[in-house]
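These notes are about the structure you will find just below.
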Amino acid sequence: MSTIHRALDAFRELYGREPQGVWSAPGRANLIGEHTDYNDGFVLPFALPHRTSVAATRRTDGRILVSTVGDDGRPQQAEPFAVADLRPGSPSGWAGYPAGVAWVLRDIGVADISAGAELVIAGNVPAGAGLSSSAALECAIALALLGLAGHEIGAGYAERAQVAEWSHQAENRFVGVPSGVLDQTASMCCTEANVLFLDVRSGAAEQVPFDAAAEGLEVLIIDTRVNHALGDSEYGDRRRGCERAAELLGVPALRDVSTEDLPGALATLPSELGPLVRHAVTENARVLDAVDLLRASKLAEVGPLLTLSHQSLRDDYRVSCVELDVAVDAALAAGALGARMMGGGFGGSAIALVSEELRPEVERQVTAAFVGRSFTQPRLFTAIPSAGAGRDQ
Ligand code: GLA
């Protein structure tokens, strides 16, 4: 059953009437450009077909009632909270994500959400898989709360990027996760059949057509089933390391270090910071190269860039893990054109570029590589760039 129908059915069951509307937002993949967003650099994500839907109705008593519904159709309700009482960290747990969005919207005052709301959430973005289920949830809630307050979000890029930033603020300041803007921007701003080339510093964005099938290719996502949340503290460490390196180099962000500057920068930095800078600088260059190749319809040539990205994330940035390395190595050994870990790292998913003919063999070999170890079996699926967040009904 679609996430829309699951959310609708659960809403009817809980409240005995129709919701005022249903909004949804997707998870994301990132073709290339990892750990570059908080360095003011470049990213190249696309929206997944997996989404989180929110069926919602306005209340009058200032409280927010929020429930999630799983595959079994059974809703699980969080403790209701009052919009007026929200403060960072409370409520915590999964309800912190919707509450955080409400808190940001309340404080910004862009729309009057003080009446409260009934929100029923159903999603199929795998959680903990590095596919941005949190961003999908935040963005869907943001659209629902804004929509209920009469502030419907259209197709305009700037308005969507603004909603992404509010959702990002909810995650940073309310939930307390120091992530960059990649995930929420992808969920809000990606469009069907395109990857989003985003310059995080300037906010300049370009929808770059991405038609793998036209070149006989497929994008394979390999969810290692290792919950990436375990790497949360490491994420903050890497981010602080980058900020420290930028400070020592006297630049606003690592985005300002060019490929030509790199040898000089490496010569002056403490040995533990050099590899972080090398990753950020070379990864930004790889994004620009990948965009050039996509514009020239040479998708197959993006493959080796993905593999270089993985090596850099594994050896310099040190955010991979054994399951991600096994998945990438097995995909490459089976003939993938390129593969790399995706997202924050320490688990989650890898992405591989494969030819249509070889895809079954790549899937078989990746799955086989996980057998006989203490690994959970991976989950594999092919993904095409799908629509960003919006109103479903
Ligand atoms: C996570 C964060 C993003 C980004 C990636 C790494 O997904 O939420 O902001 O930093 O890791 O590229």
Side-chain angles (χ1 to χ4, degrees), residues 25-48 50 96-97 100 125-139 161 164-190 195-201 203 221 223-224 226-243 246 253-255 276 279-284 286-287 290 305-306 309-310 312-314 316-321 324 340-351:
R28 64 100 190 92
N30 189 21
L31 189 61
I32 197 161
E34 223 62 87
H35 289 278
T36 47
D37 60 351
Y38 53 81
N39 286 310
D40 266 5
F42 305 107
V43 291
L44 200 58
F46 63 90
L48 291 173
H50 305 71
Y97 291 87
V125 187
L131 302 173
S132 297
S133 59
S134 314
L137 174 57
E138 292 150 10
C139 293
E165 181 49 30
W166 291 331
S167 304
H168 173 234
Q169 288 301 319
E171 184 161 314
N172 277 193
R173 296 171 50 214
F174 193 95
V175 182
V177 178
S179 52
V181 294
L182 165 65
D183 306 345
Q184 294 81 8
T185 311
S187 187
M188 281 307 305
C189 300
C190 283
V195 290
L196 177 70
F197 172 37
L198 175 69
D199 176 340
V200 175
R201 169 169 285 166
I221 307 288
D223 171 8
T224 64
V226 179
N227 193 319
H228 79 117
L230 298 173
D232 279 356
S233 63
E234 301 267 0
Y235 183 94
D237 286 351
R238 297 299 183 282
R239 187 172 177 158
R240 279 188 297 278
C242 289
E243 285 160 4
L254 293 185
R255 152 68 177 277
L276 300 184
H279 169 72
V281 173
T282 58
E283 185 77 351
N284 275 329
R286 282 187 286 272
V287 178
L305 295 173
L306 302 188
S309 170
H310 183 73
S312 179
L313 288 157
R314 182 191 63 199
D316 274 345
Y317 219 68
R318 293 184 300 109
V319 289
S320 190
C321 65
L324 284 166
R340 66 179 199 84
M341 57 147 283
M342 193 173 70
F346 303 103
S349 299
I351 182 170

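Atoms within a ligand are numbered from 1 in the order they appear, just like the ligands themselves. Just so you know, residue 1 is the first one in the sequence shown, and it goes up from there. Keep in mind that the numbers below use all heavy atoms, side chains included, and drop hydrogens, waters and symmetry copies.
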Check: Can you find an N or O of Gly33 that's nearer than 3.5 Å to an N or O of ligand 1?
Finding: no
Item checked: For atom 2 (C) of ligand 1, the protein heavy atom that lies nearest, with its residue and separation -> Tyr235 OH, 3.4 Å
Next item on the list: Number the atoms of ligand 1 from 1 as they appear, then name those within less than 4.0 Å of a heavy atom of Gly343, with their elements.
Entry: 6 (C), 11 (O)
Notebook entry, point to check: Got the closest protein heavy atom to atom 3 (C) of ligand 1, with its distance?
Noted result: Asp37 OD2, 3.3 Å
Check: Below 3.5 angstrom, do we get any N/O pair linking Ser132 and ligand 1?
Finding: no
Item checked: Which residue and heavy atom of the protein sit nearest atom 8 (O) of ligand 1, plus the separation -> Asp183 OD2, 2.6 Å
Notebook entry, point to check: So, is His35 polar-close to ligand 1, with some N/O to N/O distance under 3.5 Å?
Noted result: yes
Note to self: Less than 4.5 Å apart, side chain to side chain, heavy atoms only: is that true for Arg28 and Cys190?
What the structure shows: no
Next item on the list: Test Ser312 against every option in Glu283, Arg286, Arg340 by the side chain to side chain donor-acceptor pair (under 3.5 Å) rule and name the one that passes.
Entry: Arg286
Check: Is there a donor-acceptor pair closer than 3.5 Å between any side-chain N or O of Ser187 and the backbone N or O of Pro26?
Finding: yes
Note to self: Looking at every heavy atom in both Leu313 and His35, which two are closest together, and how far apart are they?
What the structure shows: CD2-CD2, 3.9 Å
Check: Atoms of ligand 1 less than 4.0 Å from Tyr38 heavy atoms?
Finding: 10 (O)
Margin query: Is there a side-chain contact between Tyr38 and Arg238 in this structure, where contact means two heavy atoms from C-beta onward sitting under 4.5 Å apart?
Written below: yes
Next item on the list: Could you tell me whether the side chain of Phe197 reaches within less than 4.5 Å of the side chain of Val287, counting heavy atoms only?
Entry: yes
Checklist line | Backbone or side-chain N or O of Gly180 under 3.5 Å from ligand 1 N or O | finding: yes
Notebook entry, point to check: Is Leu198 close to Phe42 at the side-chain level, that is, under 4.5 Å between some pair of heavy atoms?
Noted result: no
Margin query: Any donor-acceptor pair under 3.5 Å linking the side-chain atoms of His168 with those of Asn172?
Written below: yes
Check: Does ligand 1 have an atom under 4.0 Å from some heavy atom of Gln184?
Finding: no
Check: Which one holds for Arg28 and ligand 1: side chain close, backbone close, both close, or neither close, with close meaning a heavy atom under 4.0 Å?
Finding: side chain
